[in-house]
Amino acid sequence: MRRRYREPNWPRLMSIEAACAYLGSIEREHFLKAVGPSLRARKMPDGLIRFDRRELDAWVDSGGKVQPPRIDDDWLSDVANAED
């Protein structure tokens, strides 16, 4: 079952599924290629990966421009293997 999110109830830290919905229902693969490299994936104590809503807003405000390369090169493997 897919969760439905509506303003103003967006969580501060979002799963990939929630982040994709927040950005207008973009596909997961598009998120991982176009958006994810500009964000810091946060690994929570329970092992789940979350993205900060403020960073998503900054990405949108920048016109969707990819930011400088991330410091941690293996973020994509963490995210790709993470559960929502």
Side-chain angles (χ1 to χ4, degrees):
M1 173 192 285
R2 297 201 97 173
R3 292 184 186 162
R4 294 181 188 216
Y5 297 95
R6 288 185 283 162
E7 280 290 339
N9 296 321
W10 291 99
R12 166 79 187 275
L13 296 176
M14 299 185 202
S15 66
I16 294 172
E17 175 188 75
C20 288
Y22 184 74
L23 294 175
S25 298
I26 67 170
E27 296 292 324
R28 180 185 177 105
E29 290 302 314
H30 179 73
F31 179 87
L32 292 174
K33 290 178 184 174
V35 184
S38 297
L39 308 175
R40 286 181 291 165
R42 290 168 170 79
K43 194 168 196 173
M44 305 308 288
D46 58 5
L48 297 177
I49 300 296
R50 296 290 181 254
F51 296 92
D52 191 315
R53 185 181 70 235
R54 293 178 187 171
E55 290 184 15
L56 291 167
D57 289 340
W59 182 84
V60 170
D61 292 343
S62 75
K65 295 179 182 165
V66 174
Q67 303 301 314
R70 301 171 48 84
I71 295 171
D72 55 329
D73 293 336
D74 60 354
W75 76 273
L76 186 57
S77 63
D78 285 344
V79 172
N81 297 323
E83 297 180 28
D84 283 331

(request) Could you tell me the separation between the CG atom of L23 and the NE2 atom of H30, rounded to the nearest 0.5 Å? (result) 8.5 Å
Kindly give the heavy-atom pair with the smallest separation between [X] and [Y], and that separation in Å.
| X | Y | result |
| --- | --- | --- |
| R28 | C20 | CA-SG, 3.9 Å |
| P37 | L32 | CD-O, 3.4 Å |
| R50 | S15 | NH1-CB, 3.2 Å |
| S38 | K65 | OG-O, 3.7 Å |

(request) Determine whether the aromatic ring centres of F51 and F31 lie less than 6.0 Å apart. (result) yes
(request) State plainly whether the residues R42 and E55 are in salt-bridge range, i.e. N to O under 4.0 Å. (result) yes
(message) Do the side chains of D52 and R40 get close enough for a salt bridge, i.e. N-O under 4.0 angstrom?
(response) no
(request) Just jot down the side-chain contact (heavy atoms from CB on, under 4.5 Å) partners of D46, sequence neighbours excluded, or say none. (result) M44, L48
(message) What verdict does the side-chain contact (heavy atoms from CB on, under 4.5 Å) test give for Y22 and D57, after you've listed the backbone C-alpha separation in whole Å, the side-chain angles of each residue and the deciding distance to 0.1 Å?
(response) CA-CA 10 Å; Y22 184 74; D57 289 340; 2.5 Å; yes
(request) Report the residues that fulfil salt bridge (charged side-chain N to carboxylate O under 4.0 Å, His left out) with R54, sequence neighbours left out, ordered by chain and then residue number. (result) none
(message) Taking L13 as the starting point, is it possible to reach I16 by hopping between hydrophobic residues whose side chains are less than 4.5 Å apart?
(response) no
